[in-house]
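The structure appears below as structure tokens.
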There are 2 protein chains.
Amino acid sequence: MMTFAEFQELVNLSMEALCRDFFRENPDRARVKKEATVVRNLVKILDATLMISNQKGFQAMSVRDLSRETGLSMGALYSYISGKEELLAIIRAQGYRIVVRILTGAIAEGSDPHEKLRQAIQTHLYLSEAMRAWFYFSYMETKNLSKEEQKKSIQMELFTEKLFIDILSAGCRAGRFRPMNVELTAAAIKALLQDWYLKPWKHQRRKVTIEEYARFVTGLVEAYILPSPAAASP
Amino acid sequence: MMTFAEFQELVNLSMEALCRDFFRENPDRARVKKEATVVRNLVKILDATLMISNQKGFQAMSVRDLSRETGLSMGALYSYISGKEELLAIIRAQGYRIVVRILTGAIAEGSDPHEKLRQAIQTHLYLSEAMRAWFYFSYMETKNLSKEEQKKSIQMELFTEKLFIDILSAGCRAGRFRPMNVELTAAAIKALLQDWYLKPWKHQRRKVTIEEYARFVTGLVEAYILPSPAAASP
DNA sequence: GTCTATACATAGATAGAC
DNA sequence: GTCTATCTATGTATAGAC
């Protein structure tokens, strides 16, 4: 299996790459035109937004906070973003694209259900670690968004959960996994994976590495879904 | 095992009982003196706070929102609370007291580790369902609190987790459970229990009852911690 | 006890100089 | 491209009539 360091190197998830993509797709969005400048400042703005929001909440973050943290004046800030609301849309949309791309790519690789499941658990964990601030933000702020944005958030949760549901279902049909409620099981897997980035303080304090955590979750899930040795032999 | 309806009837967790307790302990806190009035309005205020905050976040809830929702004028509101901040303190403190009381009480009842574990899982779930708004609020707003209040929140998470750690440890020592990383296992149980109130929409949509969910979590955890039949027999 | 009216601070956003 | 100064809306909180 891949280590987290290898994963992080393999997929370039830097905020810079993300902002460059965004600028090239929406070149006329900002008042400023030079790519290098836009990317440089957009990186600052988005990084600062995630950091401040994850400390005290997006709503509590004022644009003045953002100005102080980025070193840009109020006026400069508003030449890159149309307002606070747009920040939410950019962050969410760019994040989702990456998540969909990486997760579906990783799962396609696996051959049998068992291997696919391990791969999905590990990739989901690694991805959330590489984009921890984004995942945390996305989870915590969802309920404060507009109804429409909330819907997209829920769709994303259900999309990633569906990846697990499909793997589990395929495994059941193939007789590799024992019969089970695949929806509940997939929901449980999601909850375990989310706990990693929702409570970083807990795992840091106990010095649990992400590789250990991946093995633990895999073991816990497998103990539940694999046919027990006793039942399988006769 | 007890059903949720029975649990809810057994322990009276109404907001009214909670507010009455609070008033009797802090009789000189509010400007208003008549118990019936204070309790009646405090119930309105706290209920409204939880409802609005859980929809758009505590920070985004204005005192004017609170005034509209409770039917009390701004002036009247401020004769029950000293400010928005105090609301947080009241809600958190009263909630914690109840959680500690109910959980420790329920776990003391169980005899052996296995029974205690089931009891703890079920009670934690039922309690979070009976006080769903409070649990959701507590989870979502923690990161937005003052450093000191955050510490109390984390202590609470660790306290309830410790209940599970102790049960698991006792079970391991008694040879009833197989050897395991009890801290990781307890953390996983917490994550599964929290998922119930963090994503009510998911379970509602799938028509999963809380009794079913309790059985599912118990089954999942037991599959992991019980010595496997194959390993146990020789 | 409850209300209305209001003070005062801070928020988001923009105009126009440089 | 970036800054400072400023507008307007909204927020928390209080004073004082009833």
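Here is the naming used below: chain letters follow the sequence lines, and residue numbers restart at 1 for every chain. No hydrogens, no waters, no symmetry mates; every other heavy atom, side chains included, goes into these values.
Taking atom NZ of Lys84(A) as the reference point, atom C1' of dA11(C) lies 8 Å away to the nearest angstrom. Here the P atom of nucleotide dA13(C) and the CD1 atom of Ile81(A) are 8 Å apart, to the nearest Å. dA13(C) atom C1' lies 14 Å from atom CE of Met61(A), rounded to whole Å. Distance NZ (Lys56(A)) to C1' (dA11(C)): 12 Å, rounded to an integer number of Å.
Taking the six-membered ring where tryptophan is involved, the planes of Phe216(A) and Tyr213(A) are tilted, since the angle between them lies from 30° to 60°. Classification of the Tyr96(A)-Trp134(A) ring pair by plane angle, with boundaries at 30° and 60°, yields perpendicular.
For Tyr126(A) and Trp196(A), the ring centers are positioned 6.0 Å apart or more.
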Got a list of protein N/O to nucleotides 5-7 of chain C N/O distances below 3.5 Å?
none

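If you check the side chains of Asn54(A) and Tyr136(A), you find no donor sitting under 3.5 Å from an acceptor. A side-chain N or O of Glu157(B) and one of Gln194(B) form a donor-acceptor pair less than 3.5 Å apart.
Within 4.0 Å (heavy atoms only), Ser73(A) reaches at least one base atom of the nucleic acid. Residue contacts for Asn41(A): at a heavy-atom cut-off of 4.0 Å it reaches the sugar-phosphate backbone alone, with no base atom in range.
Distance check, rounded to the nearest 0.5 Å: CG of Leu77(B) to CG of Leu72(B) gives 5.5 Å.
Within 6.0 Å of NZ in Lys33(A) there are more than 12 heavy atoms belonging to other residues, nucleotides or ligands.
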Worksheet entry | Verdict with supporting geometry, Lys202(A) and Glu183(B), salt bridge (charged side-chain N to carboxylate O under 4.0 Å, His left out) | CA-CA 10 Å; Lys202(A) 185 187 281 188; Glu183(B) 288 186 335; over 6 Å; no
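When the side-chain nitrogen and oxygen atoms of Tyr78(A) are compared with OP1 and OP2 of dA13(C), one or more of them lie within a distance under 4.0 Å.
Taking every nucleotide of DNA chain D with any atom under 4.0 Å from a non-hydrogen atom of chain B, the first and last of them, 5' to 3', are dG11(D) to dT14(D).
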